[in-house]
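Naming: A, B, ... by sequence-line order, numbering from 1 per chain.
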Protein chains: 2
Amino acid sequence: MGTITSNARGSAAESSEATRRLSSAPIADEIEFLLARARTIGIIRANQALEPLGLKVRHYVVLSLAASDLTPSQRELAEFLQLDPSQLVSTIDALEARGWVERKPSSEDRRVNVLNATPAGQQVLTQAQEAIVEAEDDSLCDLSVDEREQLRGLLKRISFR
Amino acid sequence: MGTITSNARGSAAESSEATRRLSSAPIADEIEFLLARARTIGIIRANQALEPLGLKVRHYVVLSLAASDLTPSQRELAEFLQLDPSQLVSTIDALEARGWVERKPSSEDRRVNVLNATPAGQQVLTQAQEAIVEAEDDSLCDLSVDEREQLRGLLKRISFR
DNA sequence: TTAAATACTTGAATTTGTCAACGATCGCGA
DNA sequence: TCGCGATCGTTGACAAATTCAAGTATTTAA
């Protein structure tokens, strides 16, 4: 992971000497840079939190969407998550192999697979959510409840429009 | 790249039918998810903006830090950007090959290379910054100046602490 | 009924990230 | 001063992730 990439290394938001020193650079004031850094830290923490369940963030997200009442198709998920359809295949394969989600051919269009979470999947999801909440709390511990709401609102506006 | 990964695909914040439909899922309210999505959109836009200059975001960030008066070492950059030291080697190689940065052995410790931007590098950086500002403006166009400041402040607090 | 388009899958190619090992250098303590 | 362990940058091998093109099945539209 890296601030500028997508991996997930390092011990999360550790403030090393170098980090402190370089954080006064102009780049550290750019919103895009901060977004990338915050995301990196968040993903590292989230992946750590999910590890006991044998999940990664991507699986968690797909499981969560499968468990919603939106019954998303694979194409919809690919679009929503901005992933290549083939990346979803392996993600769903992994979830399905453990009996947590099911591909269900759509009754309207037999090309389409709709995703459903199984009862076991929903149970895992509940545990995963608890782990995620804890990790998120860790990442956002400096922010008050109000500030978190503010942040959520601002991010939502730039994420969906 | 995807919301859950680090690549840079898709045409940025396009609101497809599927995206709109799935954005009502519970996951779309989680800050970590929104951070990931916002970053993805931002990186896509930024990479597009930098393409005419033959730069990617990672090069831009390193160039920007090299041009600061902090004269960072490679190790410091690796720590700050949470990258493997070897990833910095290739990034700096690329920048140095074009004459935009220089490795300068530190006078205090000859193991250490300190980075400096050349005049040509600073010139490119200026252009890159203009392109980035434009892209950022595109990403954040729904936010007022005040709101951008708010967002910057909140992100800074969760990114550095 | 056919042709084009879409959904999912597969596998190969490319890119990216991870890791261990190396030479050079530093710092510490004997 | 000498020598040992640690650090910095680099290299190259390995693993993982992303990207892309092609294939099958199915739908839609002509």
Please check if the side chain of [X] supplies one atom and the backbone of [Y] the other of a donor-acceptor pair under 3.5 Å.
X        : Y        : answer
B:Arg148 : B:Leu140 : yes
B:Arg157 : A:Asp142 : yes
A:Thr118 : A:Trp100 : yes

Grab the N/O contacts between the protein and nucleotides 12-16 of chain D below 3.5 Å, and write none if there aren't any.
none

Whole angstroms only, please: what is the [atom1]-[atom2] distance between [X] and [N]?
X       : N      : atom1 : atom2 : value
A:Gln74 : D:dA25 : CD    : C1'   : 14 Å
A:Gln87 : C:dT15 : CD    : C1'   : 12 Å
B:Glu79 : D:dC8  : CD    : C1'   : 12 Å
A:Leu88 : C:dA7  : CG    : P     : 13 Å
B:Leu77 : D:dC8  : CG    : P     : 13 Å
B:Arg75 : D:dT10 : CZ    : C1'   : 16 Å
A:Glu17 : D:dT7  : CD    : C1'   : 16 Å

(request) Could you tell me whether A:Asp137 and A:Arg45 make a salt bridge, using a distance below 4.0 angstrom between a side-chain N and a carboxylate O? (result) no
(message) Taking the basic N atoms (NZ, or NE/NH1/NH2) and the acidic carboxylate oxygens, is any pair closer than 4.0 Å for B:Glu51 and B:Lys56?
(response) no
(request) Decide whether A:Glu79 and B:Thr19 meet the rule of one side-chain donor and one side-chain acceptor closer than 3.5 Å. (result) no
(request) With a 4.0 Å heavy-atom cut-off, tell me which residues in residues 90-118 of chain B come close to DNA chain D, sorted by residue number. (result) B:Arg103, B:Arg111, B:Val112, B:Asn113
(message) Within this structure, what is the OG-CZ distance for the pair A:Ser64 and B:Phe33, rounded to the nearest 0.5 Å?
(response) 9.0 Å
(request) Answer yes or no for B:Arg37 and A:Phe80: cation-pi contact, defined as NZ/CZ to six-membered ring centre under 6.0 Å and angle to ring axis within 45°. (result) yes
